Structure formats: structure tokens, C-alpha cells
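Taking it in order: structure first as C-alpha cells, then the write-up.
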Amino acid sequence: MRFRSFQSRIVVVFLGLLTAVQAAGFFAVSAAMTKNARARITDELAVGGNVFTRLIRARTEHLAQAARLLSGDFAFKAAASSDDRETVLSVLEDHQARIGADVMMLASLNRTLMADTLRRGGPAAALFPFPDLVAHAEQAGEASAIATIDGHAYQIVAVPLLAPLPIAWICVGFVIDDRVARDLQSLTLLQVSFLRAGEGGWRSLASTLQGAMREALLRGLPAPTAATNTSRSVRIGAEEYMTLVTSLGDTSDGAIVAVLQRSLDAALEPARRLQVALLAISAGGLLVSVTGGVVIARRVTKPVRDLVESARRIERGDYEQSVRVTQQDEIGELAATFNHMAKGLAERDRVRAELERVGRLKRFFSPQLAELLVSAGDEAVLASHRREITVVFCDLRGFAAFAETAEPEEVMGVLREYHEAVGPEIFRFEGTLERFTGDGLMVFFNDPVPCADPAARAVRMADRMRHNVGKLIETWQRRGHTLGFGVGIAMGYATLGRIGFEGRLDYAAIGTVTNLSARLCSEAQSGQILVSQRVYTDVRDLAEAEPAGSLTLKGFVKPVPAFNVLRVTERVTP
């Protein structure tokens, strides 16, 4: 087949392959579901056959127990011995009503019928209709069989009437009718039929099938000579049934069998719904595939056209052109290489300028402020503005006395250890470092990067600093240095913005809140974190604190309530 465009060729090939794969998958799934359904029904028939056999045996044992109960009746033995047929018949009818039997008979040892509840008015001394049953009972002590009386099937048990030797045979039977078949169906979950084989074929004795289905079973079942206890497929009307035929014995009228069935069509109904769903999905998939094939074909050819157009623009001196890369194949690699070639010089210049700018900013500002300035693209955020912030002041207690007596190298070593302990916590909690002078430093939160919990961050940071510096203080004490660590935290409004001159800029906060934080820090004893009333109100749920009283602070007319943070009960790393 010839195609006018490469795009059409891709669509047709893609759609053809997908159709073939979907069709093969559909037929494979359908065949597997049918095979599995047949195997499952075969297993169900085998289980149902076992259940059916046990139920028949249970019914037989029930009949035998009922007959044995009657055989122990002394009055009944006396009536049978004296050939009192009326008394015998009356006892049989009474016992039949008690046990729910359908027929009871008493046969003499010479095979004559002494009493029959089914033919009460029958002739006296008639022959017993089931001589083979009595013969088997004489050999085995008792016997059971499926027999027919007046065209109806009965399950009959024969037991001896002992006085103490057998003087007669008690026969008890249950009729096998549609009700029995339905009871067995409720236990086996299968269609149950009882058939008798005759010269003209099968005859139905009882069945859970109705009307035309019952007649169709008689026509569709193989000849009576076929093997029993074997699963086979039988079509009844428009439905296919998996069938198990179980022999129940031979009578003078012909063999009697039980037929257990399960509809294959009913078992396959969920599978057919799944097949319909698969067909719908396949149809939708083909529809989507056509659209997808067109889209893919266009995506394959578009980069080539874009490469041609970009090459022409580069030829005219426009190096800012690029080809959009959407593929990971050879064409995508070619487009990526082209873009890299076209933008290489411009990209290097841009990166160099950006690196220089970031490096220059990081010389004067904290990392997050430098990143904010870079992302903003200008320095408008550094303009003077007013905002509520939380300010942290901290320094070392006794540092001035230590610096006067210690060697400069030792002082620098202590400062280096101190800065390494507190500096990372500033960045960890995303604070803005405003001042870093010797042992003292000032950090504030909520500017220039706003945050939802500035007071909480400040207290958590101070607690971590106290923990880290506390370990250093133990080391310093072993060296003979008496140093401590104090923190002051306040919250309020301040004016913030850039100060300094060209070549040396700082980002500073000016306001009463900074003075309050510094004064609280000065009042703090070693290991104390003094916070203002405002800060304590914001952090009282995450920190345990004790009142430090109202402090008289330099520069403040009224005493300032303060609280000492003992510990942070909720440690959350930002």
C-alpha cells in the first residue's frame, strides 16, 4: 500500500497492529473464560454428585431406622404372627403418619403382601411387588432400592420383623417427586431430575425443570445405554447444560437414574457481560488510537519542520530561537543538540551574570534573602517598609572579661566554635541575620520572607541554640573559661529596609521591638531565654515558661513583663 504522507503511514500501521492485538486478546480471553467455566461446572457437578449420594444414603438410613423402630413393637409382632391384617394395616398407617413416609408394606416370608398402605383395599395374599428387595434383605439383613409403583419412583427400605427369628418383612418408602427434587436442588445448587429408562427412551419421574425444559431433557439426553457418572454437555432447548448422570438401580420397569445439571449459559453470563465490556473498551480504544496515531504522527514530524524554521532564523542571526523538545528518540536528541548549539553562548553569558549577582548578594545578605532577590528579578523588596516581626538577640555572658584575659587566638577559637553552634540554626529556622558582631547577634523573623509562625520559630531556634551552646559551655569550663549564654525575644512592628552605601549594603530593622529584644537579652542570666508578653502569648502551647517578673529596662518608662522559657515541649523542625 502506498501512502501520500509519512503521517498517514504511521496512523495506519499503528491502528492495524493495535486492532490485531486487541482481537487476539479478546478471543484468547473468551476461550479461557469458557474453558474455565466448563472446568468449574464439572467440579461443581462432582461435588454435587457426592452431596446427592450422601443425601440419598441419609434418607435410606432414616427409613431403615423408622422400620427398625416398628419391628420392635410387641403388639405389631403379635398381630403379624396371627395374620390380623386389619390391625397390621392400622399400625402401619399410624407409623407412616408419625414418620412422614409415603408407603408402608408388610411382606410374608413366602413373598405375599400382608398389608399395603398405598393399596388399602387391594386383594388379600397378593404377591409382594419387590421380591428382589426381600431376597437382598435375606442375605444382608436389610436392603434398600429405588423402585416404581404405579409409575412413581419410591425409595424403599426392607428390614426383618423378628420374633425372634424373621416372621415377615417391613418395607418403608418415600416417594421421589418434584418436591424431593427441589429439596435436593436447594442443597446441591444444581438442577435435579429422576428418569426411568424404558423401551421408548427416557421417562421423567421427578425434576426441578419445568414444562418444555423437562421434555427437552428427555429428548437431549443420550440413550440409556450410555455410561453413567460421567460429565457431558447436553443441549436443552436454547441452553447448553453440563450434565452428570448417576445410576440409582434397576427395576422391572427399567433403570432409574438421577440427572444433575448446571447451565453453562448461566455460568457464562458474567463472562459475557465482561466480553461486552471488553468489546466496548476495544471500540473506545480503537477510537482513541486513531486520534493518538494522528497526534503521534504529527509529533514525530513537527520537530523536523521546527528544525528547518529555526535553522533559517539562525542563518539570519537570531540566536534566541529554539526547537521545542517533546520526544526522547533520535529526533528529540537532534532537536536538543540544535537548541544547545543555538543558545550556548547566550546561556553562558546569562549564567555568568547570574552567578556574579548571586555571589554579590550573598556577601551582604542571608541565603534566603539573596534567593528572594534573585527570584524577584529586582531589589524592590529591599525598599523601606513597615511590618510586624519577631526579633531575637543573643550573646555570651562574661565574654568581655574573657576577651580581656585570654589570648587573641583563643578568643577567635571560642568565637568560631560559638558561631558554628548557633549559625546553622538561623538558616534551619529561616531567620534573617541582621547583625553579627563578636559574640552578639540579632535575628528576626517574618521579613523579608513572611512566615505564619514567627514567634514559634524564634523560640524553637533559641532553644536549639541554648542546647548547642550548653554543650560548648561544658567544654569551655574544662578549659577554665567562665562563659554563659543568654537570649532575649520580642515581637512588634519595625521599619525595615536597605541601609548602607554602594559596595556595602545591609538589611536592617529599626524600631522599639529591636531595643526591647536587646534589653531582654541583657537581663537574661546564663541559660535563660527571656521573652516578652506578646511572644509568650503566641508560644504558650508549645513552650513551658515561668514568669520572670516585670523588668525595669533602659529606655522603657514602664516595667516590662517577661517570661523565662524553660523548655520547648513541641519540637517541630521547619
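Keep in mind that what you see is a predicted model, and the values were worked out from it rather than measured.
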Under 4.5 Å between any side-chain heavy atoms of [X] and [Y], yes or no?
| X | Y | answer |
| --- | --- | --- |
| Asp116 | Leu92 | no |
| Thr148 | Tyr154 | no |
| Phe194 | Ile146 | no |
| Phe174 | Val180 | no |
| Met105 | Ile149 | yes |

So does [Y] get a backbone contact from the side chain of [X], meaning a donor-acceptor N/O pair under 3.5 Å?
| X | Y | value |
| --- | --- | --- |
| Thr208 | Gln191 | no |
| Thr569 | Leu542 | yes |
| Arg214 | Ser207 | yes |
| Arg85 | Ala115 | no |

Could you pull out all residues at least two apart from [X] that satisfy side chain to side chain contact (heavy atoms under 4.5 Å, CB included)?
| X | value |
| --- | --- |
| His95 | Ala66, Leu69, Leu70, Arg98, Ile99, Met104 |
| Ile56 | Phe52, Thr60, Gln155 |
| Ile281 | none |
| Thr87 | Ala79, Asp84, Val91 |

Separation of [Y] [atom2] from [X] [atom1] (nearest 0.5 Å):
| X | Y | atom1 | atom2 | result |
| --- | --- | --- | --- | --- |
| Ile167 | Ser71 | CD1 | OG | 10.0 Å |
| Ser263 | Met242 | OG | CE | 11.5 Å |
| Leu187 | Arg54 | CG | CZ | 13.0 Å |
| His152 | Arg196 | NE2 | CZ | 10.5 Å |
| Leu195 | Arg203 | CG | CZ | 11.0 Å |
| Leu244 | Gln261 | CG | CD | 10.0 Å |

Would you please test Leu205 and Ile176 for side-chain contact (heavy atoms from CB on, under 4.5 Å) and show each step?
-> CA-CA 8 Å; Leu205 300 175; Ile176 298 178; 5.9 Å; no

Of all the heavy-atom pairs spanning [X] and [Y], show the shortest one and how long it is.
| X | Y | result |
| --- | --- | --- |
| Ala158 | Ala137 | O-CB, 4.1 Å |
| Tyr536 | Ala545 | CE1-CB, 3.7 Å |
| Ser193 | Leu209 | OG-CD1, 4.1 Å |
| Leu106 | Ala80 | CD2-CB, 3.9 Å |
| Phe128 | Phe130 | CE2-O, 3.0 Å |
| Val259 | Leu217 | CG1-CD1, 4.4 Å |

Where at least one partner belongs to residues 128-142, residue pairs that pass side-chain hydrogen bond (donor to acceptor under 3.5 Å, both in side chains), sequence neighbours excluded | Arg68-Glu142, Arg111-Glu138

Do the charged groups of Arg466 and Asp463 touch, with an N to O distance under 4.0 Å?
-> yes

Residues Arg460, Asp453: salt bridge by 4.0 Å N-O rule |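 Looking at Arg460 and Asp453, the cut-off is met.
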
Can Leu260 and Val192 be said to form a side-chain contact (heavy atoms from CB on, under 4.5 Å), step by step?
-> CA-CA 5 Å; Leu260 306 179; Val192 180; 3.9 Å; yes

Evaluate the salt bridge (charged side-chain N to carboxylate O under 4.0 Å, His left out) criterion for residues Asp183 and Arg59: first the C-alpha distance (whole Å), next the side-chain angles of each, then the deciding distance (0.1 Å), finally the verdict.
-> CA-CA 12 Å; Asp183 291 342; Arg59 286 168 59 91; 6.0 Å; no

Pairing residues for Glu240 by the salt bridge (charged side-chain N to carboxylate O under 4.0 Å, His left out) criterion, not counting sequence neighbours = Arg38, Arg235

Worked verdict on Glu430 versus Cys451 for side-chain contact (heavy atoms from CB on, under 4.5 Å) | CA-CA 9 Å; Glu430 299 179 355; Cys451 62; 5.8 Å; no

Steps toward side-chain contact (heavy atoms from CB on, under 4.5 Å) verdict (Leu109, Trp169) = CA-CA 7 Å; Leu109 297 180; Trp169 295 95; 3.6 Å; yes

